[in-house]
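To start, the structure itself, in structure tokens.
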Amino acid sequence: MSDSARLQLGDKTYDLPIVVGSEDEHAIDISKLRAESGYITLDEGYSNTGACQSAITYIDGEKGILRYRGIPIETLAEHSSFVEVAYLLIWGCLPTKEQLDTFSELMTKHSFLREQIRHHFEVFPPGSPPMAVLSAALNSLACFYPELLDTEDVDVFEEAAARIISKVRTIAAYSYKHDMGHYLVYPHPEKNFCENFFHMMFSEPYKDAEPNPVLVRALDVLLLLHADHEQNCSTSTVRMVGSSGANLFASVSAGVSALWGPLHGGANVAVVDMLETIQAQGISVKDYVQQVKDKKAGIRLMGFGHRVYKNFDPRARIIKTQAENVLAQMDIKDPLLGLAEELEGVALEDDYFIERKLYPNVDFYSGVILRALGVPTRMFTVMFAIGRMPGWIAQWYEDRFITHGKIQRPRQVYTGPTEMCYVPLEER
Ligand code: ACO
């Protein structure tokens with residue numbers, strides 16, 4: 001294989017270097033193309049554009065492979081924990097027992113919110129979208145920790161990372177409690193990451209929540225499966241904001257905003273809304289699939305399709321098995337699981353979905369687990385954000401301090417009017 005590609009424009013040829021990744025992925029480096037030829041490349045939605053070189057997460061969308069730092073997601077889901085995966089993503093290797101304990105202790109130490117931040121929640125009207133509250137609260141952390149804005153020092157960065165991963169869970173639980181009009185429950189230093197989430201969400205002044213270990217493990221796996229997914233919309237947002245030199249709090253807050261949309265993390269809410277609509281209106285699954293295929297109807301099968309996975313999403317397989325296990329072990333009957341399975345069965349046999357390589361993605365079954373955990377639908381995307389936080393932080397750090405990425409600034413092909421005269425107001 002040649003180490004360069006040749007591009008012919010008119011009577012001139014340009015040799016473009018080929019970059020090869022560790023999994024033999026090939027990319028044509030066009031970074032000097034404009035300077036040498038005057039041309040830019042156009043790739044709306046960046047479907048075919050590599051924005052960076054990264055050593056964190058590997059995906060092969062054709063084969064349904066997902067690995068964090070080289071370790072398959074199936075292995076991590078079986079043997080690891082969310083906190084260990086957070087360490088792995090950020091620091092690039094599995095921690096020793098001592099490193100894991102220190103990292104966990106750092107998170108326990110920094111799980112509390114300053115009392116002034118607690119008062120923040122009072123200014124949001126009841127019913128505020130939890131993703132808006134989360135994004136605002138994360139950004140506001142920069143006001144409370146000015147000493148953590150300069151993250152060039154590794155210890156400072158580690159403290160900022162631990163604070164964010166830990167506090168995002170506290171913020172999520174507080175926003176839920178505030179919305180319910182309930183009193184806010186402080187984190188408990190004796191509880192682990194996921195137990196603490198249940199504690200802050202569901203404990204009452206007179207009674208501590210005692211979640212079943214099956215549910216605690218299900219949450220741990222769910223968060224771990226969401227922990228990173230290379231250059232998706234929200235992660236690219238985090239890297240882009242960070243590339244300007246913006247601090248970690250501002251960058252992950254922007255990631256939350258990007259994740260909110262229904263085509264990205266918001267799909268887990270949209271899936272449950274869709275299943276509830278089908279159930280409430282008594283539409284048959286076949287009829288619903290027909291509606292989805294009719295482009296004029298303007299609806300998509302939410303939780304289906306992925307920009308990268310064109311065979312299957314390995315996370316969806318694990319989550320589906322988890323959802324079935326959790327419901328069986330907890331003896332919960334959720335008709336939405338049956339409905340989702342029926343919908344999946346019909347869609348996977350339909351030519352429309354087969355031709356377009358549309359398969360269930362991570363969001364298709366995650367809602368079933370979250371419902372079993374007692375998390376309200378409107379909080380689902382917040383749960384995704386809690387899980388994705390280590391990935392955003394690892395990617396931000398890599399861009400700033402490992403690969404020293406340039407400020408991200410795409411170009412465009414301008415299609416507006418050519419030079420026009422300014423017409424004074426009285427003459428218009
Ligand atoms: N239902 C019906 N048709 C679909 C769906 C779907 N869920 N997804 C894609 N298609 C169709 C499109 O209409 C298009 O058809 P056409 O070729 O006839 O025009 C074709 O499949 C290709 O779709 P694109 O939108 O070009 O694919 P893209 O890669 O840009 O979009 C996306 C990927 C956004 C995930 C899309 O599949 C989608 O909207 N899915 C539903 C929302 C969803 O589940 N999002 C979560 C993704 S996972 C995550 O972010 C965590």
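If you read the sequence from its start, that first residue is 1, and numbering goes on from there. In each ligand, atom 1 is the first atom listed, and ligand 1 is the first ligand listed.
Inter-residue side-chain proximity for Met389 and Leu138 is flagged as met; some heavy-atom pair is nearer than 4.5 Å.
Nearest protein heavy-atom neighbour of atom 7 (N) of ligand 1: Leu301 O, 2.8 Å. Among all non-hydrogen protein atoms, the one lying nearest atom 50 (O) of ligand 1 is His264 ND1, 2.8 Å. Taking atom 39 (O) of ligand 1 as the reference point, the nearest protein heavy-atom neighbour is Arg300 NH1, 2.8 Å. Of the protein's non-hydrogen atoms, His306 CD2, 3.6 Å is the one closest to atom 48 (S) of ligand 1. Protein heavy atom nearest atom 47 (C) of ligand 1, with residue, atom name and distance: Asn361 ND2, 3.5 Å. Ranking the protein heavy atoms by distance from atom 42 (C) of ligand 1 puts Met302 CE, 3.5 Å first. Of the protein's non-hydrogen atoms, the one nearest atom 40 (N) of ligand 1 is Phe304 O, 2.9 Å. Protein heavy atom at the shortest distance from atom 35 (C) of ligand 1 is Gly305 O, 3.6 Å.
For ligand 1, the polar-atom distance check finds no N/O of Asp363 at less than 3.5 Å from any of the ligand's N/O atoms. Looking at Phe384 next to ligand 1, no N or O pair under 3.5 Å apart turns up. Between Lys295 and ligand 1, at least one N/O pair is under 3.5 Å apart. No N or O atom of Ala267 sits closer than 3.5 Å to an N or O atom of ligand 1.
At a distance under 4.0 Å, a protein heavy atom can be found next to atom 45 (N) of ligand 1. At least one protein heavy atom sits closer than 4.0 Å to atom 2 (C) of ligand 1. Within a 4.0 Å radius of atom 15 (O) of ligand 1, the protein contributes at least one heavy atom.
Panel note: side chain Thr57, backbone Tyr68; no donor-acceptor pair is recorded below 3.5 Å.
At a 4.0 Å heavy-atom cut-off, ligand 1 touches Leu358 through the side chain alone. The proximity of Val271 to ligand 1, defined as any non-hydrogen pair under 4.0 Å, does not occur for either the backbone or the side chain.
Seen from the ring of Tyr39, Arg34 does not count as a face-on cation partner, given the 6.0 Å and 45° thresholds. Judged by the 6.0 Å and 45° rule, Arg169 forms a cation-pi pair with Phe193. For the pair Arg378 and Phe380, the cation-pi test (distance below 6.0 Å, angle within 45°) is failed.
Classification of Glu159 and Arg163 as a salt-bridged pair holds, one side-chain N sitting under 4.0 Å from a carboxylate O. One finds a salt bridge joining Lys293 and Asp350 here, because a Lys/Arg side-chain nitrogen approaches an Asp/Glu carboxylate oxygen to under 4.0 Å. At a threshold of 4.0 Å, the pair Glu344-Lys320 counts as salt-bridged, since one of the basic side-chain nitrogens sits closer than that to a carboxylate oxygen. Using a cutoff of 4.0 Å between basic side-chain nitrogens and carboxylate oxygens, Glu398 and Arg239 are scored as salt-bridged. Glu276 has a carboxylate O that lies under 4.0 Å from a charged side-chain N of Arg371, or vice versa, which qualifies the two as a salt bridge.
Proximity to Gly303 (heavy-atom distance under 4.0 Å) selects the following atoms of ligand 1: 43 (C), 44 (O). Here is the list of ligand 1 atoms found below 4.0 Å of a heavy atom in Leu263: 39 (O), 45 (N), 46 (C), 47 (C), 50 (O). For ligand 1 and Tyr352, the ligand atoms under 4.0 Å from any heavy atom of the residue are 2 (C), 3 (N), 4 (C), 11 (C), 13 (O). For ligand 1, the atoms sitting less than 4.0 Å from at least one non-hydrogen atom of Val292 are 1 (N), 2 (C), numbered in the order shown with element in parentheses.
For Trp260 and Phe384, the ring centers are positioned 6.0 Å apart or more.
Closest approach of Ser366 to Ile319, counting heavy atoms only: N-CG2, 3.5 Å. Summarising the geometry of Ala162 relative to Met107, their closest heavy-atom pair is O-CG, 3.8 Å, with the distance given to 0.1 Å.
Here the shortest heavy-atom distance to atom 30 (O) of ligand 1, taken over Arg356, Lys293, Lys310, Arg307, belongs to Arg307.
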